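Step one of this worksheet: look at the structure below.
Keep in mind that what you see is a predicted model, and the values were worked out from it rather than measured. Chain letters run A, B, ... following the sequence lines, proteins first and then strands; every chain starts at 1.
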Amino acid sequence: MSLIDPLRPLYPFAAIVGQERLKTALILNVIDPSLSGVLIRGEKGTAKSTAVRALAALLPDIIVVEGCPFQSDPDDPKAMSSEVRARVAEGESLPTVTRRVRVVELPISATEDRVVGTLDLEHALTEGKKRIEPGLLAAAHRGILYVDEVNLLDDHVVDVLLDSAAMGVNTIEREGISVSHPARFTLIGTMNPEEGELRPQLLDRFGLCVQVEGLAVPEQRVEVIKRRAAFEADPESFGLGWAKETEALRVRIAAAIARRPRLVATDAILLDIAHRCLATGVDGHRADIVMLKTAKALAAWAGRDEVIAADLDEAQTLVLPHRQRRRPFEDVFRPDAA
Amino acid sequence: MSFVSDSVYPFAALCGQERMRLALVLAAIDPAIGGVLIRGEKGTAKSTAARGLAALLPRLAEGRAAPFVDLPLGATEDRVIGSIDLEAALAEGRARFQPGLLARADQGILYIDEVNLLDDHLVESILDVAASGVNRVEREGQSLVHPARITLIGTMNPEEGDLRPQLLDRFGLAVAVSGESDPAIRVALMRARESFEQDGTAFAQGWAEAQAVLAGRIVRARAALPQITLPRPMQGFIAEICRRNHVAGHRADLAIARAARAHAAWDGRDIVTAEDVTEVAPFALLHRMRGATPDLPPPPPPSEDPEESDQDGESESAPNSDGSEEQEESGAGEGDDAAPPPSDAESAEQAPGPAGDDGDVQSIGTPFTPRPLGSEPRDALLRTGSGRRARSLSASRQGRMVASTPLRERDDIAFDATLRAAAPHQLRRRDEGPGLAIRIRPEDIREKRRERRVGSFLLFVVDGSGSMGAHRRMVETKAAILSLLLDAYQKRDRVAMVVFRGTGAETVLPPTGSVERAARLLADLPVGGRTPLSAGLVEAARLLDRVGRRDPATRPLVLVLTDGRANAGLGGGPPHEEALRLAAALGQRFAAARFIVIDTEPPGLIRLDLAGRLAAALAAPCLRTEDLRAEDLRAEDLVHFAKEFQP
């Protein structure tokens, strides 16, 4: 299942030097999971994976139905598996547990059946009954699905990812099994554009996209090395040293999550979004919708109750570059695109 | 399965996209239309509309709601077609049929998102069933026929590669969608989406009345359908439309006739008019013709005889207002595909002749859709790799399971098929002594047959010499390469590029999956100097050797783009003869590779046909850059061409 190991100490998110846009993009997805993810583009060694793994420590808690392999939400029928919904319909009160939102890692070597779910062989052999063995999509429901080197993912796996990302439902019709279960997840992918571009359909599914580069300021680079060395020498006490900052981030994120649903955007803001999207030349309307959500999440993060034009300026840089209708093979990030 | 029903965006609440909504409504009125294919860019509410349609379908005779069945891309054949019920087999010791998705979708909608990505083999089975209305199952010793009257709705983004023409043709209607360009509509859309996501239930309630009105109108239209008449002049009009647009077969005629009747019923009329026909004709033509804009003749005057109006149609050059409106509408989506000619075309023209060794960078000409290079027939060889160009049985455990086989080769066990094979024998085997709930014997074991598409390896061997600078040859050549790269991108091919110019040849792009890198490189590719063709061929051989060692199953496609005017050799005699000798050796040594020479010599001059001689030496076909254009699709595709040529 390759979940991120909860016992291994994580590098604290707050201790990451620079990479502000990357950090903002990740936090925005925690504030509004329906932004549906971040694509992180950049060279090796730019703290991409570190940042995603570190994010796990900042995630809020969720309540799930105990023992449900599909992470059913006891309060939202839309986020329940059919089995749990049947139990609710029969008036059963469900046992629940509270736990941290999960980061599930999808290795690029994963096969389609491991991602989607497959027939539980052991159960079939010992009991003579069919049962599904849930896949990574079930594990990632209401959490984060992390794909390192997403551009190297097998085409078939990308197809099934697209399928369930589209509706937030994973429908399994294979190997004698017929089940559908909710699969809403934040998709975080990293890629090095040198090794090939993403398929356009998958590219569009990432709500936000950031380009990360190596730090240019020598002092910052020195700081990276110092902190890394300190972390490796003694991860626990390094983590404790950053505990205050980490807690402050968690509190601020929780406040933004609470604030977001109350946020309003005026018609003028919406019109501004439409004009910006049209001027950039995007396909379809997903850009408009994601930009509105991003602007709201940014306003919530800043502690405001209203979306302002400055939010759009920032949201635009996260939402539009990878959606811009490109001439074939044009770079996603062109020098003049900034 | 009705799991998403409470989170579906109401059809009535969709903004814009009139044509798509109309096409879907027509298919709901008359399922015999044969399904709808929605083609368009991402994020244009394609899936939202298709899923929303389910709620508007009339209830079935027995009172239950019409089924809406979602076919996921990862579906295996047993679940689509149906297979024996495992649990029943275990409990009762006999084989009982468990219906698949096709049975479930009977009298309802079968919806395939991203239908162009679904396994061809499955798409074919589904289209067969959709056309005949019955599903015949012959598998695992079971033989069964059940009704499957389904309305097929598929969506696709052509950026991800197209459906094969044979499959396209079998969708009754198709509609192209693109984003709305009116900011006001986009604002309305954002607002609607915002309130839907905030509270889906309240949103649905707000639209309940509008939904009921739409559903009622569909029910009435469906009831009126048998009474709608299609006058003879209209039949002639439809035939003329199909004739003018050169659509093969009669599927288009039938689809237009059915859709026009559904449209009349939708409008509450009992007779089909020319407006009905012109309104729906583009739906039936879009995916069946080669051009982008259907050519609609003026409709016949209502009272006239069909023969006469036929002739009218031919002499008339200006289409009537209805026709031209249609043309504008359906043309709008494709219009921006036609890129303008490069602005610096003239400056390139002014820079003829060799420009010395420092090289002169020519711009890239207008790219075009190349003819398909792919679709080599499947063979039984197991390959590894990923891509879309060719389908191959997969040697690894990746790829889509398409079927199971009793042959044991790779320990990749198809558990479900194995259990099904063992199931009917369980009662008897259980009597033989204690053990697991299911006793499996070696003869029960089935393995997965997986299939995946493998990309090809494309090697471009490009002439960068000074002679390529003349007459915009390099501009055209770059356009040709770029177009092939575009194709390679959709098929996830690997590419590499060797350039020869001046004193030698160089692998400017080692084999890579990044077609973007190749394209960037192409833009900066200079021309100038002499033509060391031999060096280019030697470099190509070196590269093919390397690729062959890494993956012996690869069958590279080598495209040599040159005018063949070799004038710098490696010291083995006259440069041109030396190059021909090397070419012959190259062709023999890499028998698995396919070579194509693309002659860049401009037309009109006294043709030396040196590239033709090079092709002959390689036992390869010789094409001109203009031959690559998709408009000349009449010939078999390039690879078939190459295969036929090479014994």
*Minimum heavy-atom separation for A/Ala274 to B/Val187, with atom names?*
CB-CG2, 4.3 Å
*asked:* Quick check: closest heavy atoms across B/Glu41 and A/Val282, and the distance to 0.1 Å?
replied: OE2-O, 4.4 Å
*asked:* Would you compute the distance between atom CD of B/Glu197 and atom CG of A/Asp32 and round it to the nearest 0.5 angstrom?
replied: 8.0 Å
*Let me know which of B/Leu101, B/Leu71, B/Asp70 forms a side-chain contact (heavy atoms from CB on, under 4.5 Å) with A/Glu173.*
B/Leu101
*Which distance, rounded to the nearest 0.5 Å, do you find between the CG of A/Leu162 and the CD of B/Glu114?*
5.5 Å
*Please look at A/Asn151 and chain B and tell me whether the side chain, the backbone, both or neither of the residue comes under 4.5 angstrom of a heavy atom of that chain.*
neither
_Tell me the closest heavy-atom pair linking A/Ala265 and B/Arg191, and the distance in Å._
O-NH2, 2.8 Å
*Pick whichever of A/Asn170, A/Leu152, A/Val115, A/Asp267 has the most heavy-atom pairs under 4.5 Å with chain B.*
A/Asp267
*Does the side chain to side chain contact (heavy atoms under 4.5 Å, CB included) test come out yes or no for A/His285 and B/Arg193, once each step is laid out?*
CA-CA 11 Å; A/His285 307 116; B/Arg193 194 78 214 177; over 6 Å; no
*Please state whether the side chain, the backbone, both or neither of A/Ser34 comes within less than 4.5 Å of a heavy atom of chain B.*
side chain
*Could you grab the distance from atom CG of A/Leu292 to atom CE of B/Met190, nearest 0.5 Å is fine?*
6.5 Å
*Determine the minimum heavy-atom distance between B/Arg186 and A/Gly284, stating which atoms define it.*
NH2-O, 2.9 Å
_Under 4.5 Å from any heavy atom of chain A, what part of B/Glu180 do you find: side chain, backbone, both or neither?_
both
*Working to the nearest 0.5 Å, report the span between CD of B/Glu194 and CD1 of A/Ile289.*
10.5 Å
_Side chain, backbone, both or neither of A/Leu271 within contact of chain B (heavy atoms, under 4.5 Å)_ = both
